[in-house]
Participant: 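Right, I'll just put the structure down here and ask away after.
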Amino acid sequence: MRACQPIITALGCYAPPQVLTNFDLEKIVSTNNDWIVERTGISERHIAGAGMATSDMAVLAARAALEQRGLSPDDIDVIIICTVTPDMLFPATACLVQDQLGAKKAWGFDLSAACSGFIYGLQTGAALVKSGAHRRVLVIGADTMSRILDYTDRSTCILFGDGAGAMIIEAGTPEDSGLGFIDFVGEIDGSGGDFLKMPAGGSRMPASAETVEGRQHFVKQQGQQVFKYAVRQMFDLCETVLSRNGFTPKDVALMIPHQANRRIIDATGERLGLRPDQVVIDIGKYGNTTAATLPLAARDAIADGRLKKGDLVMFATVGAGYTSGAALWRWAY
Ligand code: UT7
């Protein structure tokens, strides 16, 4: 097999039409728009309608990416679904998406890395293409966070939203020389597992009347712990991935960070010495969509004319686990 250069060739996204604003949330929990905007940067988030599950949003995002590239589902070799809100524990959401799409020649799997899901999916897809084993990998980040949020807990329910984004990674041709994947650095630290989790529904705490009554099937977070870890880790990993490739922050055309809290992004950007125009922030209109934040932010950057062929892009994430990662890609279209 011939080693190939992985390049991102297409991007498609889906955000459900229903919007939940901070003012709507004021009527549900004891919160207010000013607090949410000031402490998180979020104004509104999209919420999936009844009957729409993670696989449905993933399929819509995937179709948009395939259409942009003029590919058919049969052109896809591998489907990686990054999610913590699969339709069900099994079968894998990748199988449900494969079937709905009609991607008859694909294999695939789900990848569970919470907010770092998409960056881990990109790294996995890039490695599969680079090895020469596969020509086209569809990486989808999709999460229906509204289904696992406790709308009586103001410290978490205001943070998250629903959405999906897909990228296609392909083997580059000689004309794509210098474009595509450059490097990735990742870390997991399970000692932080207790700070952000959904306790029940797995083999440790299977569903029971008690777990439901105890609201154990919802997101639980110790926000300050996660916040401090995120600020430190985003900076450290970005610095590592830049320096070991001979780059400085000045070389970055665009940093596309995970959108968990505007203050985390601002702090990371400032510590790296990035100008505001080098950093994508779209948390205001989507909230934290977990595995979907990177593709949604990339789409917004393209729509705003901020992301162009040849640009050096730095993705960076921190999420439950803890999981974290930073990656450099040269945008290829
Ligand atoms: O993507 C996965 C990774 N997740 C993250 O990166 C999230 C990281 N953490 C955060 O973003 C922040 O910690 C939060 C936004 C979750 C919380 O912000 P904070 O500045 O750390 O607030 P806090 O938890 O220290 O709470 C400050 C005060 C408390 O009141 P008292 O005890 O000072 O009277 C909270 O009860 O704010 C109160 N509070 C709220 N007030 C109005 C907490 N949530 C709300 C709310 N509305 N929604």
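Quick caveat, the model's predicted, so the values are computed rather than measured. All ligand and atom numbering here is 1-based and tracks the order in the structure.
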Participant: Within the protein, is there a heavy atom lying under 4.0 Å from atom 29 (C) of ligand 1?
Facilitator: no
Participant: Using heavy atoms and a threshold below 4.0 Å, how should the contact between Leu196 and ligand 1 be classified: side chain, backbone, both, or neither?
Facilitator: side chain
Participant: Give the residue and atom name of whichever protein heavy atom lies nearest to atom 4 (N) of ligand 1, and the separation in Å to one decimal.
Facilitator: Gln221 OE1, 3.1 Å
Participant: Which option out of Ile42, Leu159, Thr156 puts a heavy atom nearest to atom 16 (C) of ligand 1?
Facilitator: Leu159
Participant: Can you find a protein heavy atom closer to atom 39 (N) of ligand 1 than 4.0 Å?
Facilitator: yes
Participant: Remaining members of Tyr286's ILVMFWY cluster at a side-chain heavy-atom cut-off under 4.5 Å?
Facilitator: Leu296
Participant: What are the atoms of ligand 1, with element, lying closer than 4.0 Å to any heavy atom of Asn261?
Facilitator: 10 (C), 11 (O), 12 (C), 15 (C)
Participant: Nearest protein heavy-atom contact for atom 47 (N) of ligand 1: which residue, which atom, what distance?
Facilitator: Thr31 OG1, 2.7 Å
Participant: Starting from atom 19 (P) of ligand 1, locate the nearest protein heavy atom and write down its residue, its atom name and how far away it is, to 0.1 Å.
Facilitator: Arg263 NH2, 3.8 Å
Participant: So that I can tick it off, tell me whether Arg215 and Asp150 are bridged by a salt bridge, with the cut-off set at under 4.0 angstrom between side-chain N and carboxylate O.
Facilitator: yes
Participant: State whether Glu170 and Arg69 are salt-bridged, where the test is any N-O pair (Lys NZ or Arg NE/NH1/NH2 against Asp/Glu carboxylate O) under 4.0 Å.
Facilitator: yes
Participant: Short list, please: which atoms of ligand 1 are under 4.0 Å from a heavy atom of Asn288?
Facilitator: 1 (O), 2 (C)
Participant: Please state which protein non-hydrogen atom is closest to atom 36 (O) of ligand 1 and give its distance, to 0.1 Å?
Facilitator: Arg154 NH2, 2.9 Å
Participant: Output yes when Arg244 and Asp183 qualify as a salt bridge under the 4.0 Å nitrogen-oxygen rule, no when they do not.
Facilitator: yes
Participant: Answer with yes or no whether the side chains of Asp143 and Thr83 bring together a donor and an acceptor at under 3.5 Å.
Facilitator: yes
Participant: Within ligand 1, which atoms have a heavy atom of Val226 less than 4.0 Å away?
Facilitator: 3 (C), 4 (N), 5 (C), 6 (O)
Participant: Output the list of atoms in ligand 1 that are nearer than 4.0 Å to some heavy atom of Arg39, sorted by atom number.
Facilitator: 20 (O)
Participant: Using a strict 4.0 Å cut-off to heavy atoms of Cys115, name the atoms of ligand 1 that fall inside it.
Facilitator: 1 (O), 2 (C)
Participant: Answer yes or no: are there more than 12 heavy-atom neighbours, outside Ile188 itself, under 6.0 Å from its atom CD1?
Facilitator: no
Participant: Give me the nearest non-hydrogen protein atom to atom 17 (C) of ligand 1 as residue plus atom name, then the distance to 0.1 Å.
Facilitator: Trp35 CH2, 4.0 Å
Participant: Under 4.0 Å from a heavy atom of Ala260: give me the atoms of ligand 1 that qualify, with their elements.
Facilitator: 1 (O), 5 (C), 6 (O)
Participant: Considering only non-hydrogen protein atoms, determine which one is nearest to atom 21 (O) of ligand 1 and report residue, atom name and distance to 0.1 Å.
Facilitator: Gln224 CG, 3.4 Å
Participant: If we count only N and O atoms by modelled type, under 3.5 Å, do the side chains of Asn22 and Ser43 hold a donor and an acceptor together?
Facilitator: no
Participant: Ion pair present between Asp266 and Arg262, side-chain N to carboxylate O less than 4.0 angstrom?
Facilitator: yes
Participant: Are Asp300 and Lys285 ion-paired here, with the side-chain N under 4.0 Å from a carboxylate O?
Facilitator: yes
Participant: Do we see a donor-acceptor contact under 3.5 Å between the side chains of Ser324 and Ser116?
Facilitator: no
Participant: Can you find a side-chain donor-acceptor pair between Asp56 and Gln100 that sits under 3.5 Å?
Facilitator: yes
Participant: Specify whether the nearest protein heavy atom to atom 33 (O) of ligand 1 is under 4.0 angstrom away.
Facilitator: no
Participant: Answer yes or no: is there an ion pair linking Asp277 with Arg275, defined by an N-O contact shorter than 4.0 Å?
Facilitator: yes
Participant: Could you tell me whether the side chains of His217 and Thr211 share a donor-acceptor contact shorter than 3.5 Å?
Facilitator: yes
Participant: Find all atoms of ligand 1 within a distance of less than 4.0 Å from any non-hydrogen atom belonging to Thr40, and give their numbers and elements.
Facilitator: 15 (C)
Participant: Short list, please: which atoms of ligand 1 are under 4.0 Å from a heavy atom of Gly223?
Facilitator: 8 (C), 9 (N), 13 (O)
Participant: Under 4.0 Å, heavy atoms only, figure out whether ligand 1 is touched by the backbone of Phe227, its side chain, both or neither.
Facilitator: both
Participant: What do we get for Ile264 next to ligand 1 when only non-hydrogen atoms under 4.0 Å count, side chain, backbone, both or neither?
Facilitator: side chain
